[in-house]
Structures are given as structure tokens and as C-alpha cells.
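Starting off with a structure, shown below.
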Protein chains: 2
Amino acid sequence: MLDHSILETLPEELQKEALETIRVMRFPPGRVLFQAGEHCQGLPLMLSGAVKVQMTGVSGNSIVLYRMGADDICTLSIGCLMTGYGYRAEAVVEEESEAAMVPRGLFDRLMDQSAAFRLGIMESYGRRLDDLMLLVEEVAFRRMDERLEEWLQARRSPIRITHQELAVELGTAREVVSRLLKELERKGRVRLARGKIELVGS
Amino acid sequence: MLDHSILETLPEELQKEALETIRVMRFPPGRVLFQAGEHCQGLPLMLSGAVKVQMTGVSGNSIVLYRMGADDICTLSIGCLMTGYGYRAEAVVEEESEAAMVPRGLFDRLMDQSAAFRLGIMESYGRRLDDLMLLVEEVAFRRMDERLEEWLQARRSPIRITHQELAVELGTAREVVSRLLKELERKGRVRLARGKIELVGS
DNA sequence: GACAGTTCAGTGATAAAGTCACACTGTCCT
DNA sequence: AGGACAGTGTGACTTTATCACTGAACTGTC
């Protein structure tokens with residue numbers, strides 16, 4: 001337990017406090033970790049599983065901003081913790097996940113006393129910023145058919161997903177996904193079924 | 001000099017080191033602070049002026065990600081400093097600016113010894129993430145005519161900007177901006193001239 | 001002031017993507 | 001078997017992006 005790389009090299013005293021105050025929580029698929037507007041209780045360190053972070057615009061459309069997996073840190077929560085503002089996005093568990101919840105007090109002490117912890121936090125922030133910058137570029141300038149194909153190629157074949165969910169992944173409309181997929185099927189690149197996409201060849 | 005809120009409440013020793021090792025630099029409009037791929041020498045703390053941070057996609061199109069003004073921190077540089085990766089975006093000075101360059105060593109010591117400094121850094125990161133998340137939503141879902149009008153309304157009347165620059169602000173093509181502006185002119189909401197937009201009424 | 005070179009703006013044609021409306025089709029439940 | 005419903009397909013239309021080109025406005029030089 002508490003197997004997270006950011007907690008590896010802590011001074012003895014903090015190690016002890018960590019073991020005492022960090023609660024490990026387990027979340028089933030579908031569980032909503034937090035929603036827009038909510039406030040943050042502590043910093044979640046992902047131990048296992050997969051969580052997607054998405055936001056919903058004023059228009060009602062949603063887009064997946066990034067994913068968290070084992071050994072990730074919920075960067076959004078840090079800002080939430082430090083500034084006291086609510087979350088702007090929501091996090092949904094995709095695969096059964098475990099997370100270690102670091103309470104505010106311990107977080108402050110870790111930041112104060114462990115250079116390794118600070119480095120981990122900063123790196124995490126840096127990666128998130130990079131992810132989001134890339135996403136902005138993708139959404140603003142890249143063609144949807146390219147992005148869709150890329151998304152499909154990045155997983156293995158029987159992909160279980162609805163067109164609506166795929167639309168949220170890419171930040172577009174369901175109809176656009178349906179049409180592009182149909183086009184790919186006509187070209188013989190995929191086979192479609194309800195809730196399932198099979199990649200052909202490649 | 002060194003008038004930046006994040007340096008306000010430092011312990012005496014650090015205050016001294018700060019005065020000794022921080023160089024204040026002055027940049028004229030148009031000066032490129034950093035470019036994609038470059039590496040980072042230190043953390044710039046903005047003392048005055050305005051700098052825009054933009055990125056250029058593989059397609060060659062650019063989009064403004066955010067701006068920095070007085071008392072801001074160049075958040076991108078932190079990630080760059082900590083991870084050693086190059087910048088992914090570029091920063092261009094818009095108005096004559098002054099920045100205090102905090103070298104790596106001092107940055108580490110400040111993070112180590114000043115809770116106020118850490119808080120400032122974290123807040124800055126949080127704000128940047130928020131900015132980018134909002135931008136993703138804008139670019140993905142909002143209509144260009146609305147975004148353009150909003151952009152125009154946010155400044156005062158004789159706006160000196162070319163259609164190309166405005167396109168980069170909004171992350172779209174120059175032609176789109178030209179057409180939307182022409183439409184606004186037909187509706188009597190703006191008056192157009194080369195490199196200038198005048199808002200009518202409102 | 002005339003000219004050339006350059007930047008900026010306007011616009012038609014066409015393609016890609018988003019929106020709205022509605023029909024159709026698997027799946028599940030009783 | 002027969003709904004109920006989530007998921008998918010598609011036509012019609014609007015908005016945005018892209019390409020190609022024209023012309024207008026500014027700059028500097030002679």
C-alpha cells in the first residue's frame with residue numbers, strides 16, 4: 001500500500017505521518033470523483049486504475065481534457081486546495097481505481113520538508129500544462145478525421161465505446177463521429193457494431 | 001525594484017540572496033522571450049508590461065494561449081526548469097516589460113524555505129491550468145462570431161490590430177476574421193480601416 | 001511625386017465540421 | 001411478443017476552414 005513514487009523518499013517523521021493520515025480509497029468504474037464547482041478535501045495520488053478528467057462547456061458539450069493513471073497526481077486538486085476555488089472540471093473513474101488521499105495539513109508539510117515531493121508536484125503540473133497546450137492546438141487546428149483515426153489506432157481492436165462517448169473524447173458532436181466512422185467503414189478500415197468498433201488490418 | 005508580490009515576505013537571508021542574484025531585465029515590444037524548443041535559464045517574474053504566450057501547431061497556425069502582466073509568474077518556465085524539457089510555446093513582448101530573473105539555485109532555495117513563495121507558485125499554476133481549460137472549451141465549442149465580439153468588447157475603441165493578429169488571438173484563420181468583421185461593419189457595429197477597428201456605440 | 005515592393009484586406013469557390021430534426025435498429029425488460 | 005430506450009444513420013442547412021487570387025494602403029527610394 002501507499003505505493004506512489006512521490007512518497008518514496010520521505011524523511012522518517014513524514015513517512016510515519018503519511019502512513020497515519022493518508023487514507024487509501026477504492027473507486028468503482030463510473031464513480032464521479034469530483035464535479036465542477038465542488039471543493040477539494042485533499043490531494044489524490046493515483047495508485048492504480050484510470051480516471052478521465054473532462055469539462056462541460058456552457059453549450060452543454062463536453063470534452064475529455066486528460067486521463068490519470070497509476071502513479072499520477074491529481075494536479076487539478078492542488079490548485080483547488082491552494083486557492084480555495086471549486087473545480088472547473090469533473091473526474092470520472094473508468095477502471096476500478098485506488099487513490100491515496102493526502103490531507104491538507106500533510107500536503108503542506110510535505111511541500112515544506114521534502115524536495116523530492118516538491119519536484120514531483122512541479123513535474124506533474126508541468127506535464128498537465130503541456131497536455132492542455134497540445135489539446136488546445138489539436139482542437140483548434142487539426143482535422144477531425146485525422147484525430148479520430150489516431151485515437152482509434154492508439155487502442156487495440158474491439159473498442160467498446162459509443163459514438164457519443166467518442167465525440168466527448170474528441171470534443172466534437174456525435175453526428176460528426178458517426179459520419180466519419182461510416183466513411184472509415186466504407187473504406188474498409190473498420191467494422192462497426194452497436195457500441196463497438198473493430199479495426200481492420202493495420 | 002524587485003517589486004513582485006511573491007518576493008514580499010522572505011526571510012532575511014533569502015531577501016539578501018534575492019537582491020544579489022536576481023537580475024532585472026528590460027525587454028522592448030516585439031522581443032521574443034523564448035521560443036519552442038529552447039531551454040530555460042531561470043524563472044521570470046513579471047514586474048511590468050505585457051507578454052503574450054502563443055504556440056504554433058504542426059499546421060503552421062498559431063494561437064495565443066494566455067498573457068502575462070505585472071506581478072505574474074512565467075509558469076511555463078517552472079516546468080521547463082524542473083523537467084529540463086524545452087518550451088513548447090513562445091513568448092512575445094507586447095508592451096515594454098521588466099522581469100526579474102530568478103536563477104535555478106535561488107528558486108530551489110525559495111521553494112525550500114518560503115511557504116509564501118510556494119503558495120504563489122502553486123496559485124500561479126492553478127490559474128494557468130484554469131485559463132487553458134477555459135481556452136479548450138472556447139476553442140472546441142463556442143461560435144467564432146461570439147468570441148470575436150467578446151474579444152472586441154473587452155478593449156476600448158480604436159483597436160490597433162491586423163486581421164492576421166486577431167486570427168491568432170482567436171485561433172482561427174485570417175479570412176474568417178475578415179469576413180466576420182465585414183459582417184459586423186455591415187451591421188454598423190464597427191468601422192474598419194487598415195490595421196484598425198473602431199467600435200461603434202455600446 | 002512616381003514607382004516598386006510589401007503588407008493588409010476582401011471575396012469567390014469549395015471542403016470540413018457543427019447543428020437540428022427525425023427515422024431506424026439493436027437490446028433489454030416484462 | 002411488444003414496448004421502452006439507448007444508440008446509430010442521415011438529410012438539410014449553417015458555420016468555419018482552406019485555397020486562390022485581387023486590389024488597396026503603406027513604405028521607402030529615387
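A, B, ... follow the sequence lines: proteins, then strands. Residue 1 opens every chain. On a predicted model such as this, the values are computed, not experimentally measured, just so you know.
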**OP:** For the pair R147(A) and E150(A), find out whether any cationic side-chain nitrogen is under 4.0 Å from an anionic carboxylate oxygen.
**Re:**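 Salt bridge flag = no for E150(A) with R147(A).
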Subject >> Integer-rounded Å distance: dT25(C) P and L192(A) CG >> reply: 16 Å
Original post:
Do R142(A) side-chain and dT18(D) base share a donor-acceptor contact under 3.5 Å?
Top reply: no
Subject >> Whole-Å distance separating the CD1 atom of I161(A) from the P atom of dA6(D) >> reply: 18 Å
Original post:
Got a donor-acceptor pair under 3.5 Å from the side chain of R174(B) to the base of dG10(C)?
Top reply: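 In this structure, the two groups form a donor-acceptor pair.
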**OP:** Kindly point out which of dC8(C), dT11(C), dT10(D) is positioned nearest to the side chain of R179(B)?
**Re:** dT11(C)
Subject >> L180(B) CG to dT14(D) C1', straight-line distance once rounded to whole Å >> reply: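 In whole Å, dT14(D) C1' lies 13 Å from L180(B) CG.
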Subject >> Salt bridge R128(A)-D131(A), side-chain N to carboxylate O under 4.0 Å >> reply: yes
Subject >> 5′-ward residue of the pair F141(B)/E185(B) relative to DNA chain C >> reply: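 Nearest-nucleotide comparison on DNA chain C picks E185(B).
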Original post:
Whole-Å distance between dT14(D) C1' and D145(B) CG?
Top reply: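 Value for this atom pair: 11 Å.
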**OP:** Using atom CD of E149(A) as one end and atom P of dA17(C) as the other, report the distance to the nearest whole Å.
**Re:** 12 Å
Original post:
Charged N to carboxylate O under 4.0 angstrom, R67(B) versus E169(B)?
Top reply: yes
Original post:
Atom NZ of K196(A) to atom C1' of dT27(C): distance rounded to whole Å?
Top reply: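 Roughly 14 Å, once rounded to whole Å.
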Subject >> Spatial distance of atom CG (L170(A)) from atom CD1 (I63(A)) [nearest 0.5 Å] >> reply: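 Here the rounded value is 8.0 Å.
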**OP:** Let me know the distance between CG of L184(B) and C1' of dG10(C), rounded to the nearest Å.
**Re:** 15 Å
Original post:
Donor-acceptor pair under 3.5 Å: do we get one between R194(A)'s side chain and the base of dA6(D)?
Top reply: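 Result: at least one qualifying N/O pair found.
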Subject >> Residue-phosphate contact under 4.0 Å: S178(B) side-chain N/O, dT11(C) OP1/OP2 >> reply: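 No, S178(B) has no side-chain N/O under 4.0 Å of OP1/OP2 on dT11(C).
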**OP:** Tell me whether the OP1 or OP2 atom of dG9(D) has a side-chain N or O from H163(A) closer than 4.0 Å.
**Re:** yes
**OP:** Compare the minimum distances between each of dT19(C), dA9(C), dG10(C) and the side chain of K182(B), then state the nucleotide with the smallest one.
**Re:**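 Looking only at side-chain atoms, K182(B) lies closest to dG10(C).
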Original post:
Would you call R118(B)-D112(A) a salt bridge at under 4.0 Å N-O?
Top reply: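 Yes.
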Subject >> Nucleotide nearest M144(B) when distance is taken to its side chain, options dT8(D), dG9(D), dA17(D) >> reply: dA17(D)
**OP:** Please work out which of the three classes, parallel, tilted or perpendicular, describes the rings of F34(B) and Y87(B), given edges at 30° and 60°.
**Re:**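 Plane angle under 30°, so parallel.
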Subject >> Atom-pair distance (CD on E146(B); C1' on dT14(D)), nearest Å >> reply: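 Computing the E146(B):CD to dT14(D):C1' distance gives 14 Å.
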Original post:
Closer to the 5' end of DNA chain D via nearest nucleotide, is it A140(A) or Q164(A)?
Top reply: Q164(A)
**OP:** Establish, with yes or no, whether the OP1 or OP2 oxygen of dG18(C) is under 4.0 angstrom from a side-chain nitrogen or oxygen of N61(A).
**Re:**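 Answer no for this pair, as no side-chain N or O of N61(A) is under 4.0 Å from OP1 or OP2.
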**OP:** With DNA chain D as reference, determine whether G195(A) or R143(A) sits nearer its 5' end, using the nearest nucleotide of each.
**Re:** G195(A)
Subject >> Selected nucleotide, minimal atom distance to E175(B) side chain, candidates dC19(D), dT16(D), dC8(C) >> reply: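 In terms of side-chain proximity for E175(B), the closest of dC19(D), dT16(D), dC8(C) is dC19(D).
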